[in-house]
Engineer: 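I have a structure I would like to understand better, so I am pasting it below and will then ask my questions one at a time.
Read the numbers this way: they start at 1 and go in the same order the structure lists the ligands and their atoms. One is the number of the first residue; the rest follow in order along the sequence. What you see below is based on every heavy atom in this structure, not just the backbone, and it leaves out hydrogens, waters and symmetry mates.
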Amino acid sequence: MTGLRLTGVLTRLREFRLDDVDDAFAVLGDDRVTRTLSFDSRTPGQVRDMLAGAIERAAARPRTEYYLAVTPLAGDRLVGFARLGLTGVRAAKLGTAIAADHWRLGYARDAVTTLLGFGFGRLDLHRVSAAIGPGNEASLAVFTRIGFRYEGRLRDHVFTNGAWRDSLLYSLLAHEWSPARAPGDLVHKSNLIG
Ligand SMILES: CC(C)(COP(=O)(O)OP(=O)(O)OC[C@H]1O[C@@H](n2cnc3c(N)ncnc32)[C@H](O)[C@@H]1OP(=O)(O)O)[C@@H](O)C(=O)NCCC(=O)NCCS
């Protein structure tokens, strides 16, 4: 199965494989990453189950989830995740996580921008939302930089790391989406990475 492959300026999004488990565990088993996610750090077994579940759901028709591996453009190894989960009428929820050793290289913004291009383009979505933990400055920067707007606060939205946590809800509508918003300095960063 070849599956979906989406190419950005710095990253590529591809379907998961079961041999992604070690690289996926490096992300989802790391407290630095999961501290701001809606679930606690996973064990290797839980990561394997998560990959198997995502691979199975990717084969469903109609497909309602695009949960994809993020790889650097130059390589094929997973360094993160990006997920578009369809919900309601022409709407989706978007989330992402990048391995801590690869933070601040522009990967999340590139991966999210690429997935939005797919969502508003091929999937003809009208609305994409993101629920972000208060104080998650990195995620707020990623989404607001792309043009997401604040909608409100979801009280006790998730139970994570032993406590209820609010989320800040952000969204982007199709007519607000501008792919041109991203590339300039991403290209610059990609040159720096070589
Ligand atoms: C949020 C996360 C995905 C960002 O990944 P990243 O690849 O480091 O982000 P990028 O390099 O694409 O940065 C995008 C923007 O965010 C800014 N940013 C990144 N980390 C930041 C931080 N810790 N504080 C403030 N701004 C930050 C960058 O400067 C950049 O801004 P710019 O576009 O104006 O240059 C990453 O920190 C992560 O995986 N966090 C843990 C999981 C998580 O919280 N996911 C989001 C759930 S909603």
Side-chain angles (χ1 to χ4, degrees), residues 6-13 20 23-42 46-47 50 65-75 77-85 87 92-117 119 128-154 157-161 163-172 177-194:
L6 303 172
T7 302
V9 175
L10 297 175
T11 63
R12 181 168 289 118
L13 307 185
D20 284 325
D23 293 328
F25 177 65
V27 186
L28 298 180
D30 183 345
D31 291 344
R32 291 174 295 175
V33 175
T34 59
R35 189 177 56 80
T36 50
L37 289 177
S38 57
F39 52 84
D40 300 344
S41 282
R42 304 286 204 220
Q46 288 172 326
V47 170
M50 186 282 278
E65 181 184 80
Y66 295 86
Y67 196 1
L68 301 168
V70 178
T71 75
L73 214 48
R77 287 188 63 168
L78 179 154
V79 296
F81 301 85
R83 179 180 183 276
L84 201 55
T87 163
K93 297 177 182 179
L94 198 156
T96 186
I98 300 292
D101 291 346
H102 297 272
W103 282 354
R104 303 206 80 146
L105 295 175
Y107 285 179
R109 186 149 72 93
D110 187 52
V112 168
T113 302
T114 303
L115 200 49
L116 286 169
V128 175
S129 63
I132 302 172
N136 187 351
E137 299 302 332
S139 188
L140 288 169
V142 170
F143 285 97
T144 56
R145 181 79 168 77
I146 288 170
F148 278 70
R149 297 194 192 172
Y150 179 64
E151 288 193 335
R153 191 172 184 115
L154 306 173
H157 182 225
V158 292
F159 188 82
T160 178
N161 297 303
W164 290 104
R165 194 209 74 194
D166 293 354
S167 291
L168 307 179
L169 186 64
Y170 281 76
S171 69
L172 187 69
W177 160 243
S178 159
R181 200 180 268 277
D185 46 340
L186 283 179
V187 172
H188 173 65
K189 279 181 187 167
S190 116
N191 291 340
L192 288 180
I193 296 160

Engineer: Are any of the N or O atoms of His102 closer than 3.5 Å to those of ligand 1?
Structural biologist: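 Looking only at distances, the answer is no, because the N/O contact criterion of under 3.5 Å is not met.
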Engineer: What atoms of ligand 1 come within less than 4.0 Å of a heavy atom belonging to Ala97?
Structural biologist: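 Near Ala97, meaning under 4.0 Å from one of its heavy atoms, ligand 1 has 39 (O).
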Engineer: Looking only at N/O atoms, are Arg32 and ligand 1 under 3.5 Å apart anywhere?
Structural biologist: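 No - when backbone and side-chain N and O of Arg32 are compared with those of ligand 1, no distance drops under 3.5 Å.
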Engineer: What part of Leu105, side chain from CB on, backbone N/CA/C/O, both or neither, has a heavy atom under 4.0 Å from ligand 1?
Structural biologist: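 Backbone only.
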Engineer: Is there any N or O on Ile98 that sits under 3.5 Å from an N or O of ligand 1?
Structural biologist: yes
Engineer: Can you see which heavy atom on Thr34 is nearest to which on Ser41, and at what distance?
Structural biologist: OG1-OG, 2.7 Å
Engineer: With sequence neighbours left out, what residues match Asp30 under salt bridge (charged side-chain N to carboxylate O under 4.0 Å, His left out)?
Structural biologist: Arg32
Engineer: For the residue pair Thr160 and Arg165, what are the closest heavy atoms and their distance?
Structural biologist: CG2-CB, 4.2 Å
Engineer: Going by the atom numbers of ligand 1, which of them fall below 4.0 Å from some non-hydrogen atom of Thr36?
Structural biologist: 41 (C), 42 (C), 43 (C), 44 (O)
Engineer: Against heavy atoms of Arg145, which atoms of ligand 1 measure under 4.0 Å?
Structural biologist: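 In order of numbering, the contacting atoms are 32 (P), 33 (O), 34 (O).
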Engineer: Would one find an N or O of Trp103, backbone or side chain, under 3.5 Å from an N or O of ligand 1?
Structural biologist: yes
Engineer: Looking at Arg109, which atoms of ligand 1 are within less than 4.0 Å of one of its heavy atoms?
Structural biologist: 12 (O), 33 (O)
Engineer: Taking the ring centre of each residue, are Phe143 and Phe148 less than 6.0 Å apart?
Structural biologist: yes
Engineer: What I want to know is whether Ala108 and ligand 1 share at least one N or O pair that is separated by under 3.5 angstrom.
Structural biologist: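 For ligand 1, there is an N or O atom that lies under 3.5 Å from one belonging to Ala108.
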Engineer: Taking heavy atoms and a distance under 4.0 Å, where does Asn136 meet ligand 1: side chain, backbone, both or neither?
Structural biologist: side chain
Engineer: Between Gly106 and ligand 1, is there a nitrogen or oxygen pair with a distance under 3.5 Å?
Structural biologist: yes
Engineer: Is it the case that the side chain of Asp110 and the backbone of Gly8 share a donor-acceptor pair, with hydrogens and angles ignored and the cut-off at 3.5 Å?
Structural biologist: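 Absent.
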Engineer: Applying a 4.0 Å heavy-atom criterion (strictly less than), which segment of Ala131 is in contact with ligand 1: side chain, backbone, both, or neither?
Structural biologist: backbone
Engineer: Just by distance, do the side chain of Thr96 and the backbone of Phe81 share a donor-acceptor pair under 3.5 Å?
Structural biologist: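 Yes, because the side chain of Thr96 sits within donor-acceptor range (under 3.5 Å) of the backbone of Phe81.
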Engineer: What atoms in ligand 1 come closer than 4.0 Å to a heavy atom of Leu37?
Structural biologist: 42 (C), 43 (C), 45 (N), 47 (C)
Engineer: To which of Leu94, Thr96, Asp110 does the heavy atom nearest atom 46 (C) of ligand 1 belong?
Structural biologist: Thr96
